[in-house]
Novice: 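One structure is given below, represented as structure tokens, and several questions about it will come after.
Sequence lines set the chain letters: A, B, ... in the order given, protein chains first and strands last, and positions in each chain run from 1.
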Number of protein chains: 2
Amino acid sequence: MSTLGPGEATELWLRWKRAHELVRAAVIAETTAASGVSEPELGVLVCLHESGGSLRQNALAATLGWDRTRLSHLLTRMADRGYVARDKVPNGVEVTLCPAGRRVIDMTLPTLETATRCHLLDRLGPDDAKTLKALIDRLLSSEEAAAETGTG
Amino acid sequence: MSTLGPGEATELWLRWKRAHELVRAAVIAETTAASGVSEPELGVLVCLHESGGSLRQNALAATLGWDRTRLSHLLTRMADRGYVARDKVPNGVEVTLCPAGRRVIDMTLPTLETATRCHLLDRLGPDDAKTLKALIDRLLSSEEAAAETGTG
DNA sequence: GGCCAAGTGTTGACATATCAACAGTCTACT
DNA sequence: AGTAGACTGTTGATATGTCAACACTTGGCC
């Protein structure tokens with residue numbers, strides 16, 4: 001029993017999408033200008049970087065929450081440009097960050113950090129930032145729980 | 001001066017994207033199953049519906065936060081399928097919801113409402129829902145203010 | 001060995017988004 | 001009138017994402 005009237009969930013949904021899109025567009029504009037790579041590409045590079053430089057393709061897809069196909073196509077393009085390398089290993093493929101990819105990360109992570117603060121955190125109060133963090137944690141954990149029990 | 005350490009904004013950014021994606025995927029799966037139209041298409045239909053059934057193409061693009069080109073291509077496909085109609089009016093084009101589009105709206109809005117509650121609101125407490133609303137409002141208003149002053 | 005099922009990744013056809021260039025239509029100014 | 005500039009929308013080339021079908025490997029089982 002919530003405090004929302006009819007149609008309010010839909011309204012909230014639309015506003016949430018819009019807020020996310022606005023922030024996202026602003027952040028991406030900066031990171032793309034700084035790095036020359038698109039948001040999905042940067043996502044792959046960051047993910048590899050945070051995992052120590054290499055990751056199974058399967059794990060990469062799971063971490064990003066992507067389809068195998070999408071990742072495969074994107075990695076093909078990124079490998080062509082020298083950002084990553086693919087090596088066959090037992091039971092899968094290992095994706096590794098190449099020097100060019102590392103360079104992009106080094107150039108872009110500071111920009112991403114700044115842009116996130118500017119377009120997301122600084123537009124909220126410090127307390128709101130904590131609140132947002134808590135909300136996100138709750139959503140993530142509950143979604144994961146739902147996925148495990150097959151509710152999603 | 002926030003309470004976050006180095007890299008934490010980036011971390012928050014990644015988690016936010018992921019949480020949004022998880023919820024979005026779950027909601028879209030239901031609405032698409034119920035309506036047969038994709039999320040962007042449904043967005044257009046909802047927007048028209050909330051505006052009384054018709055809207056200038058320009059206003060539609062602004063409301064959705066989209067590029068003109070993207071909307072133009074999408075409307076062409078939707079008009080081909082009979083969801084909307086385009087009429088030339090002084091200084092622009094008016095987009096109108098057609099019967100088929102109305103039918104989709106009627107079938108899908110309840111699903112969207114339910115899915116949003118299920119995958120977003122019910123995973124937060126009632127208080128969190130209010131908090132989320134407040135956060136979204138703040139982001140939207142501050143982004144709009146930034147856009148007006150050219151800060152974005 | 002031979003077989004089947006699950007897991008992993010690729011491929012090609014198709015849908016959709018993005019980008020740059022174009023065309024039309026107002027408005028203001030001379 | 002005539003022209004320049006802003007606004008609105010379209011078009012076609014290209015990039016990216018999605019879907020279904022295929023190949024390859026692994027492990028269990030008879």
Novice: Rounded to the Å, how far apart are A:W66 CH2 and D:dG17 P?
Specialist: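 Between P of D:dG17 and CH2 of A:W66: 6 Å.
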Novice: State which residue, out of B:L48, B:T96, B:L55, fulfils the side chain to side chain contact (heavy atoms under 4.5 Å, CB included) condition with B:V84.
Specialist: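 It is B:L48, the one option of B:L48, B:T96, B:L55 that forms the side chain to side chain contact (heavy atoms under 4.5 Å, CB included) with B:V84.
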Novice: For A:P40 and for B:S72, locate the closest nucleotide of DNA chain D by heavy-atom distance; then report the residue assigned to the nucleotide nearer the 5' terminus.
Specialist: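 So the residue in question is B:S72.
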Novice: In whole Å, what is the span from the CD atom of B:E94 to the P atom of D:dT8?
Specialist: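 It works out to 15 Å between those atoms.
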Novice: Check whether any side-chain N or O of B:R68 sits under 4.0 Å from OP1 or OP2 of D:dT8, and answer yes or no.
Specialist: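 Checking B:R68 against D:dT8: at least one side-chain N or O falls below 4.0 Å of OP1 or OP2.
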Novice: What integer distance in Å separates B:L71:CG from C:dT16:P?
Specialist: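 Checked: the CG to P distance equals 14 Å.
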Novice: Just how far, in rounded Å, is P of C:dT18 from CD of A:E21?
Specialist: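 Distance check: A:E21 CD to C:dT18 P gives 9 Å.
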Novice: Rounding to an integer number of Å, can you tell me how far B:D67 CG sits from D:dT16 C1'?
Specialist: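 After rounding, the reported distance stands at 15 Å.
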Novice: How long is the line joining CG of A:L60 and P of C:dT10, in whole Å?
Specialist: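 Taking atom P of C:dT10 as the reference, CG of A:L60 is at 12 Å.
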Novice: Whole angstrom is fine here: how far is it from CD in B:E41 over to P in C:dA15?
Specialist: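 For the pair B:E41 CD and C:dA15 P, the rounded distance is 12 Å.
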Novice: Where the side chain of A:N91 is defined as all heavy atoms beyond and including C-beta, which of D:dT8, C:dT10, D:dT26 is the nearest nucleotide?
Specialist: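 Given the options D:dT8, C:dT10, D:dT26, the side chain of A:N91 is closest to D:dT26.
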Novice: Output yes when at least one side-chain N/O atom of B:R86 is less than 4.0 Å from OP1 or OP2 of D:dG9, else no.
Specialist: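 Result: no.
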Novice: Are B:V46 and B:I28 connected in a single hydrophobic cluster, I mean Ile/Leu/Val/Met/Phe/Trp/Tyr linked by side-chain heavy atoms less than 4.5 Å apart?
Specialist: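 Looking at the clustering, B:V46 is in a separate group from B:I28.
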Novice: Among C:dT10, D:dC19, C:dT18, which is the nearest nucleotide to the side chain of A:H73?
Specialist: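 Taking heavy atoms from C-beta onward, the closest nucleotide is D:dC19.
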Novice: Looking at the side chain of A:R77, which of D:dG17, D:dT26, D:dT10 is the nearest nucleotide?
Specialist: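 Closest of the options to the side chain of A:R77: D:dG17.
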Novice: Of the candidate nucleotides D:dA20, C:dC19, D:dT8, which contains the atom at the shortest distance from the side chain of A:T69?
Specialist: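 Minimum distance to the A:T69 side chain belongs to D:dA20.
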Novice: Given atom CZ of A:R24 and atom C1' of C:dA17, what is their separation to the nearest angstrom?
Specialist: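 Computing the A:R24:CZ to C:dA17:C1' distance gives 11 Å.
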Novice: Does this structure show an ion pair linking B:R77 with B:E41, if we count only N-O contacts that are shorter than 4.0 Å?
Specialist: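 Salt bridge: no.
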Novice: Would B:L64 and B:V93 show up in the same hydrophobic cluster when neighbours are defined by side-chain heavy atoms closer than 4.5 Å?
Specialist: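 No, B:L64 and B:V93 fall in different hydrophobic clusters.
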Novice: Of the options C:dT16, C:dT18, D:dT10, whose atoms approach the side-chain atoms of B:R81 most closely?
Specialist: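 The nucleotide sitting nearest to the side chain is C:dT16.
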Novice: Just call it for A:P90: base, sugar-phosphate, or nothing, with non-hydrogen atoms closer than 4.0 Å on any strand.
Specialist: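 Counting heavy atoms under 4.0 Å across all strands, no contact is made by A:P90.
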Novice: So, the side chain of A:S51 versus the backbone of A:G53: is there a donor-acceptor pair under 3.5 Å, distance only?
Specialist: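 Side chain of A:S51 to backbone of A:G53, a donor-acceptor pair under 3.5 Å: no, none is there.
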